[in-house]
Amino acid sequence: MPADVVARELLGRALVRRIRGKRVALTILETEAYLGPHDLACHAARGRTTRTEVMYGPPGTLYIYFVYGLHWMLNVVTGAEGEPAAVLIRSAGGVSGPARLTRTLRIDGALNGRLAEPGSGLWFETGKGSCKAIATPPPRIGVDYAGPRWSARKLRFLVAVAKREAR
DNA sequence: GCAGTGATCATA
DNA sequence: ATGATCACTGCC
């Protein structure tokens, strides 16, 4: 599925992590879509490399990478096998910021390339009730390197209520 | 505002 | 082997 579609659908769903047998579930509040090789902000735009390899896996594959020498980023692959598109989970359960989220849930490279399956280390569940994304999505964060055309694209998605609370 | 921190990738 | 870059955070 296209990453922007999945990015919207993930809003309001539960991100579930198993930590030493304990279950921790957080409601996803913010996501970003990375559409594929043609999207210059997408890592796959730089080709198929060691790092991006897992993006070419089946949908549901976790793409977790390390940036700035400090932070782990959690993504889930959305494209069919061979089509590198993914969604970055930026915030969930009131934990804002993608790196703080992974730190909270103890997510690191050990999960990279694994499938997000129920009962595994990390998976997604349908949230209860409906959840509206804000009408006009804002642009993605930290992707200026992709040039104005792609950095301005409205591919960041937030739960509508989260926007009000964030004020 | 900007330092910190190290994997990754291009270049050689 | 070297250097630039980086889908960020926390502190100034």
Side-chain angles (χ1 to χ4, degrees), chain A residues 1-13 15 17 24 26-79 82-116 121-124 133-134 136-159 162-163 165-167:
Chain A
M1 276 180 106
D4 55 328
V5 174
V6 176
R8 292 189 97 98
E9 286 190 358
L10 281 175
L11 293 178
R13 297 183 66 155
L15 170 65
R17 171 78 167 127
V24 182
L26 300 178
T27 302
I28 296 171
L29 300 175
E30 183 178 356
T31 58
E32 272 178 10
Y34 290 86
L35 304 180
H38 61 290
D39 174 0
L40 296 186
C42 182
H43 288 167
R46 315 266 289 273
R48 190 165 182 155
T49 65
T50 316
R51 181 174 69 159
T52 60
E53 181 61 30
V54 305
M55 290 185 85
Y56 293 77
T61 300
L62 298 174
Y63 170 43
I64 298 167
Y65 67 92
F66 195 61
V67 271
Y68 296 112
L70 296 165
H71 309 301
W72 292 100
M73 298 287 109
L74 169 65
N75 301 252
V76 58
V77 172
T78 71
E83 292 177 18
V87 170
L88 169 69
I89 314 296
R90 289 196 63 89
S91 102
V95 182
S96 50
R100 297 186 61 196
L101 177 65
T102 54
R103 193 157 63 94
T104 299
L105 292 179
R106 310 280 135 88
I107 292 165
D108 62 21
L111 287 167
N112 188 37
R114 304 266 291 275
L115 217 48
L122 184 71
W123 68 98
F124 301 91
I134 65 167
T136 314
R140 294 174 291 189
I141 301 283
V143 296
D144 289 351
Y145 62 85
R149 176 189 166 87
W150 285 101
S151 60
R153 283 285 294 269
K154 301 183 172 189
L155 292 171
R156 180 155 60 107
F157 302 92
L158 292 90
V159 171
K163 190 195 174 191
E165 284 170 357
R167 224 169 288 132

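These numbers come from a predicted model, not from an experiment. Residue numbers begin at 1 in each chain, while the letters A, B, ... track the order of the sequences.
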Engineer: Does atom CZ of A:Arg46 have more than 12 heavy-atom neighbours, drawn from other residues, nucleotides or ligands, at distances under 6.0 Å?
Structural biologist: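 Incorrect, the count does not exceed 12.
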Engineer: What integer distance in Å separates A:Asp108:CG from B:dA7:C1'?
Structural biologist: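 To the nearest whole Å, that distance equals 14 Å.
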Engineer: Pairs in or reaching into residues 96-107 of chain A: which pass side-chain hydrogen bond (donor to acceptor under 3.5 Å, both in side chains), with residues at least two apart or in two chains?
Structural biologist: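 side-chain hydrogen bond (donor to acceptor under 3.5 Å, both in side chains) check on residues 96-107 of chain A returns no pairs.
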Engineer: Can you sort out the partners of A:Arg156 under side chain to side chain donor-acceptor pair (under 3.5 Å), two or more places apart, ordered by chain and number?
Structural biologist: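 Counting only residues at least two positions away or on another chain, A:Arg156 forms a side chain to side chain donor-acceptor pair (under 3.5 Å) with A:Glu30.
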Engineer: Could you spell out the base pairing of DNA chain B as a dot-bracket line? Use Watson-Crick and G-U wobble contacts where both distances are under 3.5 Å, [ ] for crossing pairs, | for partners on a different strand.
Structural biologist: ||||.||||||.
Engineer: When you check every protein heavy atom under 4.0 Å of nucleotides 5-12 of chain C, what one-letter string (B, S, -) results, 5' to 3'?
Structural biologist: -BBBSS--
Engineer: Give the table of side-chain donor-acceptor pairs shorter than 3.5 Å for residues 58-70 of chain A, with sequence neighbours excluded, one pair per line with atom names and distance.
Structural biologist:
from, atom 1, to, atom 2, distance (Å)
A:Thr61, OG1, A:Pro58, O, 2.6
A:Tyr63, OH, A:His43, ND1, 2.6

Engineer: So, OP1 or OP2 of B:dC9: does either fall under 4.0 Å of a side-chain N or O from A:Thr50?
Structural biologist: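 Yes.
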Engineer: Walk me through it: do A:Leu15 and A:Leu122 pass the test side-chain contact (heavy atoms from CB on, under 4.5 Å)?
Structural biologist: CA-CA 7 Å; A:Leu15 170 65; A:Leu122 184 71; 3.6 Å; yes
Engineer: If we check side chain to side chain contact (heavy atoms under 4.5 Å, CB included) with A:Ile28, which of these qualifies: A:Leu101, A:Val87, A:Ile89?
Structural biologist: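 Among A:Leu101, A:Val87, A:Ile89, the one that satisfies the side chain to side chain contact (heavy atoms under 4.5 Å, CB included) with A:Ile28 is A:Ile89.
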Engineer: State whether the side chain of A:Arg17 and the backbone N or O of A:Val24 hold a donor-acceptor pair below 3.5 Å, judged by distance alone.
Structural biologist: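 Not a single qualifying donor-acceptor pair exists.
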Engineer: In residues 139-146 of chain A, what donor-acceptor pairs under 3.5 Å come from side-chain atoms, sequence neighbours left out?
Structural biologist:
from, atom 1, to, atom 2, distance (Å)
A:Arg140, NH1, A:Ala33, O, 2.8
A:Arg140, NH1, A:Asp39, OD2, 2.7
A:Arg140, NH2, A:Asp39, OD1, 3.1
A:Arg140, NH2, A:Trp150, O, 3.1
A:Tyr145, OH, A:Ala41, O, 2.9

